[in-house]
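The block underneath contains the structure these notes are about, expressed in structure tokens.
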Amino acid sequence: VQLQASGGGLVQAGGSLRLSCAASGRTFSDDTMGWFRQAPGKQRELVACINSGGTTTYGESVKGRFTIARGNIKNTVYLQMNNLKSEDTAVYYCAADPTGLLRGSYSHYAYWGQGTLVTVSS
């Protein structure tokens, strides 16, 4: 099982980035897929998650700016990030929860990608 996150980079404040996650090794269609982030010295936190039915949950700090979506291509999930702020700088991880529940704690997610760095300059 492998989750491959991509799309990170350096962007100016107010800009946009789109992260992609491609999962392989098993079927993830029934899983809840999530994006988490971890900044230096901080705990890993939920950015957004989406279940198989398309219901979403967002972290408070990204509501209205970020959008999570499952791709038309099987086993893909995206995170569209708009109006980026310096405090969004972090390593972003995609993850999968096989229970299919919408849960915000990283401890519930069984599968993890390697992370992609997002740096927002002010």
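Judged by distance alone, with hydrogens and angles left aside, the side-chain atoms of Thr116 form no donor-acceptor pair with the main-chain N or O of Ser6 at under 3.5 Å. At least one donor-acceptor pair closer than 3.5 Å links the side chain of Gln114 to the backbone N or O of Ala5. The closest donor-acceptor contact from the side chain of Asp88 to the backbone of Val62 lies at 3.5 Å or more, if one exists at all. With hydrogens and angles disregarded, a donor-acceptor distance shorter than 3.5 Å links the side chain of Thr32 to the backbone of Gly100.
Inter-residue side-chain proximity for Met81 and Tyr92 is flagged as met; some heavy-atom pair is nearer than 4.5 Å. Proximity of Val118 to Thr89: side-chain heavy atoms (C-beta onward) are nowhere separated by under 4.5 Å. In this structure, Arg26 and Pro98 have side chains that are in contact, with non-hydrogen atoms separated by less than 4.5 Å.
Applying the side-chain hydrogen bond (donor to acceptor under 3.5 Å, both in side chains) criterion to Asp97, with sequence neighbours excluded, gives Thr99, Arg103.
By the criterion of side-chain heavy atoms lying less than 4.5 angstrom apart, applied directly or through intervening Ile, Leu, Val, Met, Phe, Trp or Tyr residues, Tyr111 is grouped together with Met33 in one hydrophobic cluster. Linking Ile, Leu, Val, Met, Phe, Trp and Tyr whenever their side-chain heavy atoms come within less than 4.5 Å leaves Leu46 and Val77 in two separate clusters. A chain of hydrophobic side-chain contacts below 4.5 Å, direct or via other Ile, Leu, Val, Met, Phe, Trp or Tyr residues, connects Tyr58 to Ile50. Put simply, Leu10 and Leu17 are part of two different groups of oily side chains (I, L, V, M, F, W, Y) that touch within less than 4.5 Å, one to the next. Each of Val47 and Tyr93 belongs to its own hydrophobic cluster when Ile, Leu, Val, Met, Phe, Trp and Tyr are linked at side-chain heavy-atom distances under 4.5 angstrom.
Screening Phe28, Phe36, Trp35 for a ring pair (Phe, Tyr, Trp, His ring centres under 6.0 Å) with Tyr109, the sole residue that qualifies is Phe36. Paired with Phe66 under the rule side-chain contact (heavy atoms from CB on, under 4.5 Å), one option of Leu84, Asn83, Leu19 passes, and it is Leu84.
Leu3 CG to Cys94 SG: the interatomic distance, rounded to the nearest 0.5 Å, is 4.0 Å. Rounded to the nearest 0.5 Å, atoms CG (Asn51) and CG (Leu102) are 4.5 Å apart. Rounded to the nearest 0.5 Å, atoms CZ (Arg37) and CG (Leu79) are 9.5 Å apart. The OG1 atom of Thr67 sits 11.0 Å away from the CZ atom of Arg18 when rounded to the nearest 0.5 Å.
Ring orientation note: the planes of Tyr106 and Trp112 are nearly perpendicular, at an angle over 60° on the 30°/60° scale.
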- Item | Pair Arg70-Cys21, side chain to side chain contact (heavy atoms under 4.5 Å, CB included): steps then yes or no | CA-CA 9 Å; Arg70 301 183 87 114; Cys21 177; over 6 Å; no

- Would Thr27 and Lys74 satisfy side chain to side chain contact (heavy atoms under 4.5 Å, CB included), going step by step from the backbone distance to the final call? CA-CA 8 Å; Thr27 299; Lys74 190 177 177 182; 4.0 Å; yes

- Message: The test is side chain to side chain donor-acceptor pair (under 3.5 Å); show your working for Asn82 and Ser16 and say whether it passes.
- Response: CA-CA 4 Å; Asn82 297 328; Ser16 298; 2.9 Å; yes

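The two residues Ser122 and Ser86 come nearest to each other via the heavy atoms CB-CB, 4.3 Å. Ser105 approaches Ser107 most closely through the heavy-atom pair OG-OG, 2.9 Å.
Checked for salt-bridge contact, Lys42 and Glu45 miss the test: no charged N lies under 4.0 Å from a carboxylate O.
The salt bridge (Lys or Arg N to Asp or Glu O under 4.0 Å) pairs that include a residue from residues 46-58 number zero, where partners must be two or more places apart or lie in different chains.
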